[in-house]
Amino acid sequence: MFYDYEYFKREILKLTGVDLNSYKENQMKRRIDGLMQRRKMAGYEQYVLGLSKDKGLYEEFMNYITINVSEFYRDSKQWKVMEEQAIPELIGRFGRRLKIWSAACSTGDEPYSLVMALSRHLSLAEIKIYATDMDRQVLAKAKEGIYPERSIASVPPDLQRRFFRRQGEDYRIANEVKACVEFREHNLLKDEYLRDCHLILCRNVLIYFTEEAKDIAYRKFYKSLTSGGLFLSGSSEQIMNFREIGFVRKNVVYYQKP
């Protein structure tokens, strides 16, 4: 048997449920090959065997391929639009109990940023965010809620003072913010999507998907929204066929379901 990348993709699907066919191949293969070299793996067969037996190796692999790069208030211009336009518009249309989904939430920076942005308009008791990711390790870190100073650098100063406390060299987010977020394990490529959402964020993740996988995900997000709901993409992830899907583009990254 020839243990090539096609073999590796088949075995990874069986082992982890992750379909690497849905990711851009050259980019993903380069990342995996680099990881194998650092671990001194002789080839794909040895690596698959190691992943099946070594929990630490498996968790490292899952964390690496899910490409977790995040920070609070990432892309500050988007958050300005969120606070000044999107949130007031949604509250005006749907009331104060909004169903919000932060998809591929990584270490929790985005859903916690959402809670803080919403706190300018709502009480914390009225805020509920569903936050999902396929990586158990980052979800555990998100639930812990401890971040280095660089991660919170873009948080507005008044919100930093209100919601963060120094813990050694790091910062811990307030428990009342954590209580507003429900974290769940979720794979965008195979699991059922949430329904009747008023706002969905999925940013800086689908850029790694193939065009076919991206199209499927965007159509599922469209179905997940209630009529009048908003979808927020990453600044480098414009939905080229948004009209065909049914979206109305509000600006470069905001799309609305009519």
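Residue numbers count from 1 along this sequence.
The structure places SG of Cys202 at 5.5 Å from CG of Leu188, a figure rounded to the nearest 0.5 Å. Atoms CG and CZ, from Asn241 and Arg219 in turn, are 5.5 Å apart once rounded to the nearest 0.5 Å. Expressed to the nearest 0.5 Å, how far CE of Met62 lies from CG of Leu15 amounts to 9.0 Å. Taken to the nearest 0.5 Å, the CG atom of Asp109 stands 8.0 Å off from the NZ atom of Lys141. Interatomic distance, Thr210 OG1 to Leu206 CG, rounded to the nearest 0.5 Å: 10.0 Å.
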* To do: Start with the C-alpha gap between Leu114 and Met82, add the side-chain angles, then the distance that decides, and say whether side chain to side chain contact (heavy atoms under 4.5 Å, CB included) holds.
  => CA-CA 9 Å; Leu114 268 170; Met82 173 73 73; 3.9 Å; yes
* **Full working for side-chain hydrogen bond (donor to acceptor under 3.5 Å, both in side chains) between Glu83 and Tyr73** => CA-CA 11 Å; Glu83 288 189 2; Tyr73 275 75; 2.8 Å; yes
* Take Phe163 and Ser119 through the test side chain to side chain contact (heavy atoms under 4.5 Å, CB included) and record every step on the way to the result. => CA-CA 11 Å; Phe163 292 126; Ser119 74; 3.7 Å; yes
* Stepwise side chain to side chain contact (heavy atoms under 4.5 Å, CB included) test for His186 and Trp101 -> CA-CA 12 Å; His186 182 270; Trp101 179 16; 4.0 Å; yes
* To do: In sequence, state the C-alpha distance, the side-chain angles, and the governing distance for Glu71 and Arg150, and then conclude on salt bridge (Lys or Arg N to Asp or Glu O under 4.0 Å).
  => CA-CA 8 Å; Glu71 63 185 39; Arg150 66 179 181 277; over 6 Å; no
* To do: Step by step, work out the side chain to side chain contact (heavy atoms under 4.5 Å, CB included) result for Arg184 and Leu194.
  => CA-CA 11 Å; Arg184 300 178 179 178; Leu194 298 181; 3.4 Å; yes
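Across every non-hydrogen atom of Tyr208 and Gln27, the tightest pair is CD2-OE1, 3.2 Å.
Under the 4.0 Å criterion applied to side-chain N and carboxylate O atoms, Glu182 and Lys128 are assigned as salt-bridge partners. Glu25 and Lys29 are not joined by a salt bridge, as no carboxylate oxygen comes within less than 4.0 angstrom of a charged side-chain nitrogen. Salt bridge absent: Arg38 and Glu60 never bring a charged side-chain N and a carboxylate O closer than 4.0 Å. Taking the charged nitrogens against the carboxylate oxygens, Asp158 and Arg162 have no contact shorter than 4.0 Å, which rules out a salt bridge.
The main-chain N or O of Ile152 is found under 3.5 Å from a side-chain atom of Gln160 such that the two form a donor-acceptor pair. Checking side-chain atoms of Arg203 against main-chain N and O of Arg74 turns up a donor-acceptor pair under 3.5 Å. Distance alone, capped at 3.5 Å, is enough to place a donor-acceptor pair between the Asp133 side chain and the Ser106 backbone. Between the Glu237 side chain and the Ser233 main chain, no donor and acceptor come within less than 3.5 Å of each other. Side-chain atoms of Arg136 never come within 3.5 Å of backbone atoms of Val138 as a donor-acceptor pair (strictly under, hydrogens ignored).
A perpendicular orientation is assigned to the rings of Phe72 and Phe164, their planes being inclined by more than 60° (bins at 30° and 60°). Below 30°, between 30° and 60°, or above 60°: for Phe183 and Tyr112 the angle between ring planes is above 60°, a perpendicular geometry. Ring geometry, Phe242 versus Tyr255: the interplanar angle falls from 30° to 60°, so the pair is classed tilted. Using a 30° and 60° split on the angle between ring planes, Phe94 and His198 fall in the tilted class, from 30° to 60°.
Here Phe231 and Tyr222 keep their ring centres 6.0 angstrom or further from each other.
No side-chain heavy atom of Asp135 sits less than 4.5 Å from a side-chain heavy atom of Leu139. Side-chain contact between Arg120 and Leu159 is present, with at least one heavy-atom pair separated by less than 4.5 Å.
Other residues, nucleotides and ligands place no more than 12 heavy atoms under 6.0 Å from the CZ atom of Arg243. Around atom CZ of Arg195, more than 12 heavy atoms belonging to other residues, nucleotides or ligands sit under 6.0 Å away.
Between the side chains of Arg165 and Tyr171, no donor N or O sits under 3.5 Å from an acceptor N or O. Side-chain polar atoms of Glu244 and Tyr218 form no donor-acceptor pair below 3.5 angstrom.
Partners of Glu126 according to the side chain to side chain contact (heavy atoms under 4.5 Å, CB included) rule, which considers only residues two or more places apart in sequence or in another chain, are Arg96, Arg97, Leu122, Ser123.
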Check residues 142-149 and write down every donor-acceptor pair under 3.5 Å in which the side-chain atom is one partner and the other belongs to a residue at least two apart or another chain.
unit_1	atom_1	unit_2	atom_2	d
Tyr147	OH	Thr107	O	2.6

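Screening residues 43-55 for salt bridge (Lys or Arg N to Asp or Glu O under 4.0 Å), with sequence neighbours left out, gives no hits.
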